[in-house]
Amino acid sequence: MIEIRDVSKWYGSFQVLKSCSVSVARGEVVVVCGPSGSGKSTLIKGVNGLEPCDEGEIVVDGLNVGVKADLRVLRTRVGMVFQNFELYPHLNVLDNICLAPMVVLKRKREEAEARARTLLGRVGLTDHALKFPAQLSGGQQQRVAIARSLAMDPVVMLFDEPTSALDPEMIKEVLDVMSDLARDGMTMIVVTHEMGFARRVADRIIFMDAGEIVEVRPPEAFFTAPESERARAFLSKILEH
Amino acid sequence: MSAYNWNWAVIVSEPYVGWLLDGLAVTVMLALSSWAIALVLGTVIGLARTLPSAPLRWLATGYVELFRNIPVLVQMFLWFFVLPELLPREAGHWLKRDLPHPEFFSAMVCLGLYTASRVAEQVRSGITSVPPGLAAAARASGLSLAQTYRYVLVPLGFRIIVPPLTSEFLGIFKNTSIALTIGVMEITASSRQIESYTFQGYEAFAAATALYLLLALLLLFLTRRIEARTRIPGWIARSNT
Ligand SMILES: Nc1ncnc2c1ncn2[C@@H]1O[C@H](COP(=O)(O)OP(=O)(O)OP(=O)(O)O)[C@@H](O)[C@H]1O
Ligand SMILES: [Mg+2]
């Protein structure tokens, strides 16, 4: 489903990604973790071309991120959820969800709205369709953002630290929605520090450090017996608290 | 030297009251037509300054620097006295002789192009103060660059700059008085004319001042309504100005 082959990227002379390769199968849930600045965001933003890579290639569902015509189609099939939600503040919840389906997929308003309401039900926000983003809590906003991505009927969902900006009591409601998605068979790449979620939901863990993919292993193996010294150091740090 | 003879009746008696009202009409027409030019051109140029294409950005920046940095009075003279001499003989002739009210059209173009450079700066600052993550979210969901501008950047950017734009709008009414230097009979010119006919300069300029104040109050009322109408529930613009 997703093929990342020998991808490298530089910011000036600083190399953010160092020849990263990994592939993700259909229906698989992969959690990416690693220290701050290790290149996790850059890697998943490479998957939908928000951060173009300098070397190597990324192919999603047969579409090459580096090819302009492919990229346009690819973005309609790859949903992305951001740390800061990034809901359009001037549109209400319903219009936030309907914008891309109507503008990009040319769906009719009634059709788009019907789908949006179904998705709002799925993320538990049926009653909030006409509110503006600033009138919702962080957890609600992030669930709207997930619904907005799902409205495009994506085949892959990318999450970049979806719960890092949330107050602790709201983290669970967002992780629950993500777990449901995973159970329904969505292909997902999730950057997160929520190790409990990783353990329960992930099929594999990608551990990154300093722009390299250091380990790619099933969660049980990764958490109980990390192979690399770097992963051990990382885990001992984040599992401490 | 004799004492000044106050005579307030002058400003409400014919033909002087008619001159004042004609002046008011010219001021309003000049301001509105210049504003139309300024808004359209300023938007195009301001947006161009935020585009990825470097040549377009440079062109737009050049325009802004040129028109913003030459005093308006000088620009007024350039348009009215110098331009007809620079054009081919035929065109220059047409401008000076055949075009009805050449001074009005020179003033309109002058104020329109000058204010466009100021509007462009506001538009640019509005667009750049839209949080970049919103554009990323739009692009990630498949919107093209043009669609991202149309549905996200422009609606938000313009809401952010409603207050400075309304003050530019008020400013163009004040700047119309500069047009008297090339013979446009707007409010200030009319009151000077009344002074030279009646020697009641204080009354005439008091009347002019009152008309400008009245205009300003009316515009302020209008713009407050626009500001209220474009406000986004709960959202505080993260403006960088
Ligand atoms: N636009 C940029 N210009 C220069 N350097 C950048 C840019 N974006 C990111 N970097 C650098 O690239 C490195 C990797 O960034 P990235 O955001 O991918 O890390 P991350 O693993 O997601 O970290 P975090 O956990 O803090 O989100 C960091 O050192 C960062 O400073
Ligand atoms: Mg990151």
Side-chain angles (χ1 to χ4, degrees), chain A residues 41 44-52 68 71-93 95-106 130-137 141 144-145 148-154 156-160 165, chain B residues 43 46-47 50-54 122-166 225-241:
Chain A
S41 296
I44 72 162
K45 284 178 180 166
V47 175
N48 65 357
L50 279 187
E51 292 285 357
K68 229 179 162 178
L71 182 60
R72 207 166 319 136
V73 181
L74 180 150
R75 280 182 174 163
T76 66
R77 297 196 200 153
V78 177
M80 183 155 199
V81 173
F82 301 84
Q83 183 173 350
N84 294 309
F85 331 134
E86 311 300 355
L87 294 179
Y88 311 125
H90 58 304
L91 301 179
N92 66 27
V93 165
D95 290 339
N96 259 280
I97 300 175
C98 291
L99 180 69
M102 287 171 59
V103 168
V104 180
L105 303 179
K106 313 283 178 218
L130 298 180
K131 286 193 181 163
F132 283 81
Q135 297 168 324
L136 300 175
S137 74
Q141 290 191 52
V144 171
R148 177 175 70 176
S149 289
L150 292 176
M152 296 294 282
D153 298 321
V156 171
M157 286 284 286
L158 308 172
F159 294 83
D160 190 3
Chain B
T43 299
L47 292 181
T50 66
L51 289 176
S53 151
Q122 302 296 355
V123 169
R124 184 187 65 83
S125 103
I127 297 292
T128 51
S129 44
V130 175
L134 292 175
R139 298 309 302 275
S141 67
L143 271 72
S144 66
L145 184 64
Q147 290 166 336
T148 301
Y149 268 87
R150 164 138 186 238
Y151 294 103
V152 179
L153 292 174
V154 168
L156 277 171
F158 272 80
R159 276 178 171 86
I160 294 170
I161 60 166
V162 167
L165 268 193
T166 58
R225 298 206 41 171
I226 295 174
E227 280 173 37
R229 191 168 280 211
T230 54
R231 194 166 299 139
I232 301 166
W235 192 61
I236 295 148
R238 281 172 273 177
S239 170
N240 59 7
T241 50

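Quick note: numbers below take in every heavy atom, side chains included, and nothing from hydrogens, waters or symmetry partners. Here is the naming used below: chain letters follow the sequence lines, and residue numbers restart at 1 for every chain.
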Best-contacting candidate, T76(A), L158(A), L99(A), against chain B by heavy atom pairs under 4.5 angstrom: L99(A)

Option in N92(A), V103(A), L87(A), N48(A) with maximal non-hydrogen atom pairs under 4.5 Å from chain B: V103(A)

Distance in Å, R229(B) CZ paired with R231(B) CZ, rounded so as to fall on 0.5 Å steps: 12.5 Å

Taking [X] for the side chain and [Y] for the main chain, is one N or O donor matched with an acceptor at less than 3.5 Å?
X	Y	result
H90(A)	Y151(B)	yes
R75(A)	L71(A)	no
T50(B)	R124(B)	no

Residue part contacting chain B, namely of [X], when any heavy atom lies under 4.5 Å:
X	value
R77(A)	neither
Y88(A)	both
V78(A)	backbone

Could you report the tightest heavy-atom contact between [X] and [Y], atom names first, then the distance?
X	Y	answer
E227(B)	T166(B)	OE2-OG1, 3.7 Å
K106(A)	Q147(B)	NZ-NE2, 4.2 Å
Q141(A)	F85(A)	OE1-CD1, 3.4 Å
V81(A)	A145(A)	CG2-O, 4.3 Å

Contacts with chain A made by residues 137-144 of chain B (heavy-atom distance under 4.5 Å), listed by residue number: A137(B), A138(B), R139(B), A140(B), S141(B), G142(B), L143(B)

